[in-house]
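Quick note on labels: first sequence line is chain A, next is B, and so on, each numbered from 1.
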Amino acid sequence: MAGSPRRAASRRLQLPLLCLLFQAVTIILFAIFVRYNHETDAARWHWGNLSYANNEFYFRYPSFQDVHAMVFVGFGFLMVFLQRYGFSSVGFTFLLAALALQWSTLVQGFLHSLHGGHILVGVESMINADFCAASVLISFGAILGKTGPAQLLLMTLLEVALFGINEFVLLNLLGVRDAGGSMTIHTFGAYFGLFLSRVLYRRQLEKSKHRQGSIYHSDLFAMIGTIFLWIFWPSFNSAPTALGDTQHRTALNTYYSLTASTLSTFALSALISGDGRLDMVHVQNAALAGGVVVGTSGEMMLTPFGALAAGFLAGTVSTLGYKFLTPVLESKLKIQDTCGVHNLHGMPGVLGALLGVLVAGLATHDAYGDGLESVFPLIAEGQRTARSQAIYQLFGLLVTLVLAIVGGSLGGLLLRLPCLDAPPDSECYEDQIYWEVPGEYENEAQGPLSVEEPDTRA
Amino acid sequence: MAGSPRRAASRRLQLPLLCLLFQAVTIILFAIFVRYNHETDAARWHWGNLSYANNEFYFRYPSFQDVHAMVFVGFGFLMVFLQRYGFSSVGFTFLLAALALQWSTLVQGFLHSLHGGHILVGVESMINADFCAASVLISFGAILGKTGPAQLLLMTLLEVALFGINEFVLLNLLGVRDAGGSMTIHTFGAYFGLFLSRVLYRRQLEKSKHRQGSIYHSDLFAMIGTIFLWIFWPSFNSAPTALGDTQHRTALNTYYSLTASTLSTFALSALISGDGRLDMVHVQNAALAGGVVVGTSGEMMLTPFGALAAGFLAGTVSTLGYKFLTPVLESKLKIQDTCGVHNLHGMPGVLGALLGVLVAGLATHDAYGDGLESVFPLIAEGQRTARSQAIYQLFGLLVTLVLAIVGGSLGGLLLRLPCLDAPPDSECYEDQIYWEVPGEYENEAQGPLSVEEPDTRA
Amino acid sequence: MAGSPRRAASRRLQLPLLCLLFQAVTIILFAIFVRYNHETDAARWHWGNLSYANNEFYFRYPSFQDVHAMVFVGFGFLMVFLQRYGFSSVGFTFLLAALALQWSTLVQGFLHSLHGGHILVGVESMINADFCAASVLISFGAILGKTGPAQLLLMTLLEVALFGINEFVLLNLLGVRDAGGSMTIHTFGAYFGLFLSRVLYRRQLEKSKHRQGSIYHSDLFAMIGTIFLWIFWPSFNSAPTALGDTQHRTALNTYYSLTASTLSTFALSALISGDGRLDMVHVQNAALAGGVVVGTSGEMMLTPFGALAAGFLAGTVSTLGYKFLTPVLESKLKIQDTCGVHNLHGMPGVLGALLGVLVAGLATHDAYGDGLESVFPLIAEGQRTARSQAIYQLFGLLVTLVLAIVGGSLGGLLLRLPCLDAPPDSECYEDQIYWEVPGEYENEAQGPLSVEEPDTRA
């Protein structure tokens with residue numbers, strides 16, 4: 001099943017050569033441009049003569065670690081649900097995210113934080129790089145099992161660049177607020193991946209349908225991903241916000257929103273199934289929509305009630321999407337969305353952006369007091385009214401959608417380059433093309449166990 | 001096996017309708033009563049003009065995250081040991097805990113922190129809600145596999161209310177100290193669940209005995225739960241204590257206690273087994289008893305020696321309980337305790353309460369200095385002697401036991417309502433009643449692995 | 001397969017008796033020597049009249065928790081890759097680490113922090129004890145599957161003592177810098193284990209070769225260990241450093257180094273395999289080498305570029321080691337290294353030490369400013385030049401290697417005592433000797449599933 005010699009040969013070389021090339025380039029660029037910032041540089045920090053207790057590390061690193069766990073454990077294991085694609089799901093997540101962390105440090109640095117020709121790095125840049133990696137992994141979810149590692153590396157290269165540009169346009173040029181990334185991370189990642197998947201449409205994919213489902217224990221592995229994403233999402237949305245009450249409030253809002261999306265997911269999953277049974281696909285994914293939907297408004301005065309209502313809506317929409325929309329996307333729009341990222345990140349992301357429009361439009365000095373400065377600085381400084389901020393928020397969503405759709409389509413064309421190794425339609429969702437895969441229990445038969453089994457089963 | 005049409009129909013509707021009803025009610029109650037506290041409210045926080053560094057978020061949120069992981073990852077996966085009940089174990093843990101977080105925010109708010117008709121929420125209420133969820137999951141462990149989700153939702157509703165009342169009586173009315181919840185969380189949750197299980201006694205349960213055991217990899221999944229509970233327990237016991245030395249000391253005591261319960265568990269497990277082999281059930285559960293047993297005294301001047309001794313005792317008692325007591329509970333007292341919560345939470349919880357009585361009775365101004373105020377405020381203020389505090393601690397245990405026993409029994413009667421969907425005796429510990437369950441290795445037969453299959457199934 | 005009655009009897013008693021003996025001894029020693037330090041003692045802390053915000057707990061506990069997770073989750077699950085040794089891998093990790101935490105508190109206390117005849121404990125001693133446990137688990141990896149629990153407990157007892165001595169010589173006597181333990185943890189643990197394995201060489205080990213490989217889902221469990229080690233490694237290296245910029249910088253350097261070792265591991269793994277497929281063994285292990293290689297220099301002004309270059313080199317060397325060196329070690333040097341610790345901890349540890357020599361030798365007042373005091377106090381105080389510090393660093397590596405080699409060899413002789421229970425050559429890598437092991441899917445055949453299977457498999 002190793003395919004024709006040519007494919008085997010190309011496969012043999014594309015992944016390693018791209019890894020080595022990218023790594024060589026980033027090492028050189030790091031040498032030229034990347035430096036410690038004043039919080040991580042020994043001389044600069046002590047020059048400031050500050051108490052160690054003021055170092056930003058102590059206010060953001062715990063949140064960073066939670067985000068880091070979400071990216072590598074959460075996304076990685078969530079995608080292990082495929083019965084024969086576990087190595088690739090967790091392994092390629094590992095590879096793509098590692099590349100994205102380096103590459104986005106450079107891209108975001110060039111765009112956001114170039115000081116005297118140098119990119120200054122610290123815990124904030126670490127968080128931002130992880131956010132970009134999360135967006136790449138969302139896109140990965142849409143094409144999971146249908147692309148080779150070389151294609152995925154190129155996708156990462158392109159998406160990280162476009163992610164940085166979109167983020168720059170929204171946050172820096174338009175003054176849009178989007179701490180938890182409903183727009184910049186979820187909407188962008190989802191639609192980038194969906195249009196990429198559209199361009200890579202496979203008419204013959206049913207040849208691999210028998211491998212597209214889960215098995216009992218692969219669903220349990222996937223729940224590891226789900227639960228770690230769920231518990232740490234409050235840290236995800238609050239990691240980059242203003243310190244103090246804002247970070248605190250964002251975590252609280254996300255926490256409540258997630259509980260509501262969990263309840264609505266279980267309710268809807270049982271309601272829409274023929275026989276009242278729950279569907280693991282819904283629980284593994286839709287229950288997380290509450291984190292996505294407050295990505296923009298979580299730092300605002302959403303109120304605990306608003307967080308619950310938003311989460312409930314997101315879980316409902318997401319579950320219905322898995323049941324009714326995903327099949328239509330494939331049959332009508334020719335978008336094959338392996339993990340249903342449209343339901344978990346796409347629609348909830350757009351909803352989150354619109355919720356941000358609403359809550360921003362309702363912002364008042366009474367409600368925020370002097371805290372207005374940390375959430376809506378432009379309103380606090382009188383440069384904008386709440387209404388105009390809301391309009392900017394809406395515009396930010398449109399920019400994100402356009403960039404994601406154009407970028408994803410271009411990415412699809414790039415990945416279709418015939419020279420790139422892609423799995424045949426009959427070998428999608430299959431680890432054995434890219435990994436040395438051990439058998440399952442193969443050896444027990446020969447081992448003492450075969451003899452033992454009667455005893456152990458008695 | 002879907003059962004009679006009537007049962008199927010009721011099953012189809014009970015879970016979703018209860019979820020939707022509860023969610024609708026909590027959303028309304030949140031809208032009326034729940035508000036940001038002065039640490040999460042933009043206007044109020046900045047009114048105080050405090051430095052962001054003083055926000056309680058930075059002193060409690062890392063501990064909260066560890067507690068959150070224990071509730072959803074720890075409890076969820078610990079119960080996956082059952083070979084055919086993994087989806088329900090981790091899935092219903094997810095559902096019940098999510099509901100408990102919302103509902104206990106309201107119950108605890110009404111009882112503890114109603115300010116001007118409003119429940120003010122922040123990281124402390126998040127921790128307290130997670131603690132209540134933990135107690136519900138302990139009870140869940142006693143009846144695991146023998147109840148339907150609708151029954152579990154009603155149990156949660158009742159238990160959260162009684163948990164809040166018990167906690168209020170102990171901490172607010174009796175001035176009992178119980179930071180880590182040896183009484184309020186473990187003793188209460190365990191005996192509530194055990195008496196609930198007693199009322200739900202199933203004479204014919206052996207019809208499902210073949211599904212009650214673990215299989216090799218389900219035991220490995222359960223170890224994920226065990227290890228996460230074990231490593232984060234120091235954060236659990238210290239999360240709600242006074243800040244500074246008290247929180248620090250509590251984490252340290254718990255850390256040492258757990259190492260000792262682990263050693264005694266391995267020792268006893270090998271000693272009591274016929275052939276000297278270790279039993280995973282003991283390692284997965286009894287090794288955690290060290291965290292339970294210092295739940296009350298962990299914040300006190302227990303001394304590192306005391307922590308080790310307590311942990312050693314707890315691990316010993318817990319392991320012996322699994323071996324000798326659990327069978328008797330079922331045969332003699334008709335209490336079917338699926339996860340052996342009596343051994344992990346019941347007995348160690350009571351031991352922990354008694355240890356608290358002892359250590360509180362030994363409290364002196366010499367030993368605590370000005371720190372007495374943060375551990376035993378009533379003694380520091382001269383309202384109580386150490387001896388009287390000890391008596392109050394003992395009384396607190398009795399109140400907890402009474403409330404748990406009465407509440408659990410009432411809960412059992414509630415759950416026996418004939419209208420509620422419960423699995424038949426022959427279908428306990430079975431996911432397929434409530435979940436769409438994929439086959440195991442269904443497709444490998446077609447994959448390259450197919451060659452192996454005959455052997456592996458022999 | 002339970003072996004002769006004599007062996008069975010000895011097995012029955014050695015593990016529990018050693019556990020009970022060790023626990024009794026440590027409890028007594030704790031009672032005599034171990035006390036709360038001024039950060040955990042109620043009276044002493046309040047005597048100081050400090051704000052709770054200054055308690056070291058808030059600056060080190062989050063890092064401690066990450067380290068704690070690495071030791072118990074990371075190391076434990078990383079070794080679950082063996083198809084029939086999962087219970088022992090995660091279970092003995094649990095047991096050995098728990099013992100090591102207690103025992104190293106005493107050893108390190110006697111050597112480093114004896115104040116007025118008392119060992120004072122707090123979060124720093126917790127971190128140091130976990131570091132020692134990590135070193136023990138590294139050695140465990142070299143002999144995994146070939147030793148009984150009694151042997152492992154004795155190894156722990158000896159290694160913890162020697163670890164403490166080596167650490168004392170390097171850090172206290174030689175003034176060597178090694179925050180993340182490239183020398184004290186990784187090099188020491190690896191070579192201690194390798195020489196121990198050498199002395200325990202088994203000529204007939206191929207009798208268990210069929211159990212030495214992984215199976216599909218055991219590799220996924222192992223990835224849980226890998227990913228948790230990978231994400232938390234920045235906390236591992238930074239946990240014990242000076243607070244402020246140093247801790248911040250160390251985490252940042254480790255973060256970048258790991259991304260580079262991941263890329264080089266994927267590249268090399270595909271390059272060196274015959275058919276371009278990736279090898280899970282490499283991904284699970286070599287990708288972590290980036291954390292090991294900056295263990296010494298991570299706190300220094302390594303620069304982000306330096307971190308990437310170091311990580312890239314470490315991943316390359318480690319992957320090549322798995323492919324080409326491990327077989328030679330076994331065939332030529334008679335060193336059977338189950339987990340390939342020589343590739344993950346040995347060579348990268350030595351490389352990390354040498355990198356520390358280089359970076360220390362390049363230290364200048366310009367580069368560190370007043371921060372020089374926290375990284376190289378002896379240079380800052382003028383007692384040493386950068387060059388002499390570099391020489392001391394190099395000498396520290398030699399001392400570590402000598403102590404590890406001598407200690408490991410002695411350990412091997414100790415473990416060969418005929419009275420100790422060891423598995424026969426034909427029963428290595430087998431849980432059933434030490435654990436009551438359930439069958440795999442035993443009951444499905446009898447359960448309702450058998451009826452269902454046709455449907456669920458359709």
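In terms of heavy-atom pairs under 4.5 Å with chain B, the best-connected choice from A:Q284, A:H365, A:M280, A:M223 is A:M280. By number of non-hydrogen pairs under 4.5 angstrom with chain B, the leading residue of A:T226, A:T303, A:D366, A:L258 is A:T303. Of the listed residues (B:V90, B:V73, B:L95), the one with the most heavy-atom contacts under 4.5 Å to chain A is B:L95. In terms of heavy-atom pairs under 4.5 Å with chain A, the best-connected choice from B:I32, B:D431, B:L17, B:V80 is B:D431. Most heavy-atom pairs under 4.5 Å with chain A, from the set B:I28, B:V34, B:N55: that is B:N55. With respect to chain A, the highest number of heavy-atom pairs below 4.5 Å among B:A97, B:S125, B:A43 belongs to B:A43. Chain B forms the most heavy-atom pairs under 4.5 Å with one residue out of A:P62, A:S63, A:P234, A:S269, and that residue is A:P234.
Looking at residues two or more places apart in sequence or on another chain, you find a salt bridge (Lys or Arg N to Asp or Glu O under 4.0 Å) between A:E56 and A:R60. With sequence neighbours excluded, no residue satisfies salt bridge (Lys or Arg N to Asp or Glu O under 4.0 Å) with A:E206.
With a 4.5 angstrom heavy-atom cutoff, A:D66 touches chain B only via side-chain atoms. With a 4.5 angstrom heavy-atom cutoff, B:F228 touches chain A only via side-chain atoms. Proximity to chain A (any heavy atom under 4.5 Å) is shown, for B:F22, by neither the backbone nor the side chain. The parts of A:P304 that come within reach of chain B are both its backbone and its side chain, each placing non-hydrogen atoms under 4.5 angstrom from that chain. Residue A:I272: no heavy atom, backbone or side chain, is found under 4.5 Å from chain B. In this structure, chain B has no heavy atom under 4.5 Å from any part of A:A307. In this structure, the portion of A:A367 lying under 4.5 Å from any heavy atom of chain B is its backbone and not its side chain.
Aromatic ring pairs are classed by plane angle as parallel below 30°, tilted from 30° to 60° and perpendicular above 60°; the pair B:F64 and A:Y255 is perpendicular.
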### Query
Does the side-chain contact (heavy atoms from CB on, under 4.5 Å) test come out yes or no for A:L278 and B:L15, once each step is laid out?
CA-CA 10 Å; A:L278 294 158; B:L15 167 62; 3.8 Å; yes
### Task
May I have the step-by-step check of side-chain contact (heavy atoms from CB on, under 4.5 Å) for B:W45 and A:D370, ending in yes or no?
CA-CA 9 Å; B:W45 174 259; A:D370 296 347; over 6 Å; no
### Message
Let's go through B:F57 and A:L252 carefully: what are the C-alpha distance in whole Å and the side-chain angles of both, what is the deciding distance for side-chain contact (heavy atoms from CB on, under 4.5 Å) to 0.1 Å, and is it a yes or a no?
### Response
CA-CA 10 Å; B:F57 181 78; A:L252 183 73; over 6 Å; no
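For B:F221 and A:H217, the ring centers sit 6.0 Å or farther from each other. With ring centers used as reference points, A:Y58 lies 6.0 Å or more from B:Y58. Ring centers of B:F33 and A:F305: at least 6.0 Å apart, outside the cut-off. A centroid separation of 6.0 Å or more is found between the aromatic rings of A:W233 and B:H68.
Using modelled atom types, no side-chain atom of A:R249 and backbone atom of B:Y36 make a donor-acceptor pair closer than 3.5 Å. A donor-acceptor contact shorter than 3.5 Å is absent between the side chain of A:Y256 and the backbone of B:Q102. At distances below 3.5 Å, not a single donor-acceptor pair connects side-chain atoms of B:E436 with backbone N or O atoms of A:V281.
Put simply, CG on B:L99 and CG on A:L263 are 5.5 Å apart, with the number rounded to the nearest 0.5 Å. With values rounded to the nearest 0.5 angstrom, B:Y52 atom OH is found 12.5 Å from A:T246 atom OG1. Separating the OG atom in B:S51 from the CG atom in A:N54 is a distance of 8.0 Å, to the nearest 0.5 Å. Summarising the geometry, atom CZ belonging to B:F94 is positioned 7.5 Å from atom OG1 belonging to A:T265; distances are rounded to the nearest 0.5 Å. Taken from CD1 in A:I227 to CD1 in B:I224, the straight-line distance is 11.5 Å, to the nearest 0.5 Å. Annotation: the span from B:E39 atom CD to A:Q247 atom CD amounts to 13.0 Å, rounded to 0.5 Å.
Inter-residue side-chain proximity for B:P16 and A:L268 is flagged as unmet; no heavy-atom pair is nearer than 4.5 Å. Contact of the A:F312 side chain with the B:I27 side chain is registered, since non-hydrogen atoms from C-beta on lie closer than 4.5 Å. Contact of the B:L20 side chain with the A:L271 side chain is registered, since non-hydrogen atoms from C-beta on lie closer than 4.5 Å. Counting heavy atoms from C-beta on, the side chains of A:Y368 and B:D41 never come closer than 4.5 Å. A:R277 has its side chain out of reach of B:Y434: every pair of non-hydrogen atoms, C-beta onward, lies at least 4.5 Å apart. Annotation: side chain of A:F266 is not in contact with side chain of B:L18 (no heavy-atom distance under 4.5 Å). A heavy-atom distance below 4.5 Å is not found between the side chains of B:R44 and A:D245. Between B:H46 and A:S374 the shortest side-chain heavy-atom distance falls below 4.5 Å.
A side-chain N or O of A:S235 and one of B:Y61 form a donor-acceptor pair less than 3.5 Å apart.
Geometric assessment of B:R84 against the ring of A:Y216 yields a positive cation-pi assignment under the 6.0 Å and 45° thresholds.
Closest non-hydrogen pair, B:Q23 versus A:A260, comes out as OE1-CA, 3.3 Å. When all heavy atoms of B:Q65 and A:F232 are compared, the pair lying nearest together is OE1-CD2, 3.3 Å.
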